[in-house]
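Here is the structure we will look at.
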2 protein chains.
Amino acid sequence: MRGHLDGLILAVLEAGPLHGYAIIEALQARSGGALDLPTGTVYPALRRLERAGSLAGSWSTVGGRERRTYKLTRAGKHALAAQRGEWEEFREVVSRVLSADPWPATG
Amino acid sequence: MRGHLDGLILAVLEAGPLHGYAIIEALQARSGGALDLPTGTVYPALRRLERAGSLAGSWSTVGGRERRTYKLTRAGKHALAAQRGEWEEFREVVSRVLSADPWPATG
DNA sequence: AAGCTATACGTTGCCTGTCTACATATGCAT
DNA sequence: ATGCATATGTAGACAGGCAACGTATAGCTT
């Protein structure tokens with residue numbers, strides 16, 4: 001996801017807290033199946049976001065299985081807003097350069 | 001530029017061959033000043049693209065200064081088309097997930 | 001002549017993010 | 001017992017991007 005993973009994770013947690021496995025499924029669902037991120041990508045990212053203060057994690061046991069549920073912190077919401085802004089800017093710049101007319105100064 | 005740099009470089013070379021320094025300036029111009037890429041980013045990328053067969057480089061001397069001018073190869077044009085396709089997909093997925101309604105199933 | 005800026009090339013070495021592969025454990029169905 | 005879905009995680013490799021550094025010429029100013 002080339003540096004945009006953090007934003008995506010924060011975005012799916014905006015609707016409410018989820019645990020890691022559910023986050024992977026949520027990303028899959030929201031992307032229409034396009035995003036199938038391996039645990040080796042997502043779990044470290046969650047740790048990273050927690051360490052950064054964007055997420056708060058807590059353990060619970062559901063049906064004999066251990067779960068670590070993450071929720072957005074206030075800082076996380078700000079981070080999400082920032083990520084959305086940065087994404088818009090990034091998107092615009094890349095789209096502009098990528099689709100620039102190959103004919104310089106036609107008229 | 002997180003993995004999209006190659007596409008941007010190929011895109012500015014679509015209009016015609018340029019040397020490294022001019023590529024940096026072209027990216028700056030096309031992005032409205034947003035992109036100010038350091039040489040440590042661009043020159044290795046050019047080498048990489050040449051090694052990959054997307055660019056063909058040639059030396060020349062202009063005004064006593066050495067220049068390495070790069071032009072798109074046929075493979076490079078295909079690579080550019082592929083990059084554009086990938087970008088569209090990437091853009092759609094990220095935009096969708098990032099801007100997904102926080103209210104699941106409103107009605 | 002000395003110094004500065006713009007032009008033009010490049011490398012080295014670090015940091016970060018991502019992924020593959022591996023490791024662990026439970027519940028449930030067969 | 002075997003296998004699958006659920007659920008967590010780590011270790012190690014790899015690649016891209018960047019800051020910092022290094023080299024050199026042309027041209028202008030002082």
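Bear in mind the structure is a predicted one, so any value in this text is a computation, not a measurement. Below, read A as the first sequence line, B as the second, and so on, with proteins coming before strands; counting in each chain starts at 1.
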Protein-nucleotide distance (A/Phe90, atom CZ; D/dG17, atom C1'), rounded to Å: 12 Å
Residue pairs, two or more places apart or on separate chains, that pass ring-ring contact (aromatic ring centres under 6.0 Å, His included) and touch residues 20-77 of chain A: none
Could you pull out every donor-acceptor pair under 3.5 Å between side chains of residues 2-9 of chain B and any protein atom, sequence neighbours left out?
from	atom 1	to	atom 2	distance (Å)
B/Asp6	OD1	B/Arg48	NH2	2.8

Listed partners of B/Pro17 passing side chain to side chain contact (heavy atoms under 4.5 Å, CB included), at least two apart: B/Thr69, B/Lys71
Within-4.5 Å side-chain heavy-atom neighbours: B/Ser54 and B/Leu10: yes
Positions of residues 2-10 of chain A (non-hydrogen atom under 4.0 Å from DNA chain C), listed by number: A/Arg2, A/Gly3, A/Leu5
Covered region of DNA chain C, 5' end to 3' end, by chain B [heavy atoms, under 4.0 Å]: C/dT7 to C/dT11
Residue whose closest nucleotide on DNA chain C lies nearer the 5' end, A/Pro38 versus A/Arg65: A/Pro38
A/Glu14 and A/Arg84 ion-paired at < 4.0 Å: yes
Listed partners of B/Ile24 passing side chain to side chain contact (heavy atoms under 4.5 Å, CB included), at least two apart: B/Gln28, B/Thr39, B/Val42
Whole-Å distance separating the CG atom of B/Leu35 from the P atom of D/dG17: 11 Å
Distance (rounded to the nearest 0.5 Å) between A/Ile23 CD1 and A/Leu13 CG: 4.5 Å
Presence of salt bridge, A/Glu50 and A/Arg68, under 4.0 angstrom: yes
Neighbours of DNA chain C within residues 17-24 of chain A, by heavy-atom distance under 4.0 Å: none
Salt bridge (charged side-chain N to carboxylate O under 4.0 Å, His left out) partners for A/Arg67, two or more places apart: none
Residue A/Arg67, side-chain heavy atoms: nucleotide from D/dT25, D/dT8, D/dC18 that is nearest: D/dT8
Between D/dT25 (P) and B/Glu66 (CD): distance, integer Å: 10 Å
Results of side chain to side chain contact (heavy atoms under 4.5 Å, CB included) for A/Thr61 - residues two or more places apart only: A/Glu66
Residue pair B/Val62 / B/Ser60, side-chain heavy-atom distance below 4.5 Å: yes
Qualifying salt bridge (Lys or Arg N to Asp or Glu O under 4.0 Å) pairs with a residue from residues 86-100 of chain B, counting only residues at least two apart or across chains: B/Glu88-B/Arg91
All side chain to side chain contact (heavy atoms under 4.5 Å, CB included) counterparts of A/Thr73, not counting sequence neighbours: A/Ala56, A/Ala75
Residues touching DNA chain C, which here means a heavy atom under 4.0 Å, drawn from residues 39-54 of chain A: A/Gly40, A/Thr41, A/Arg48
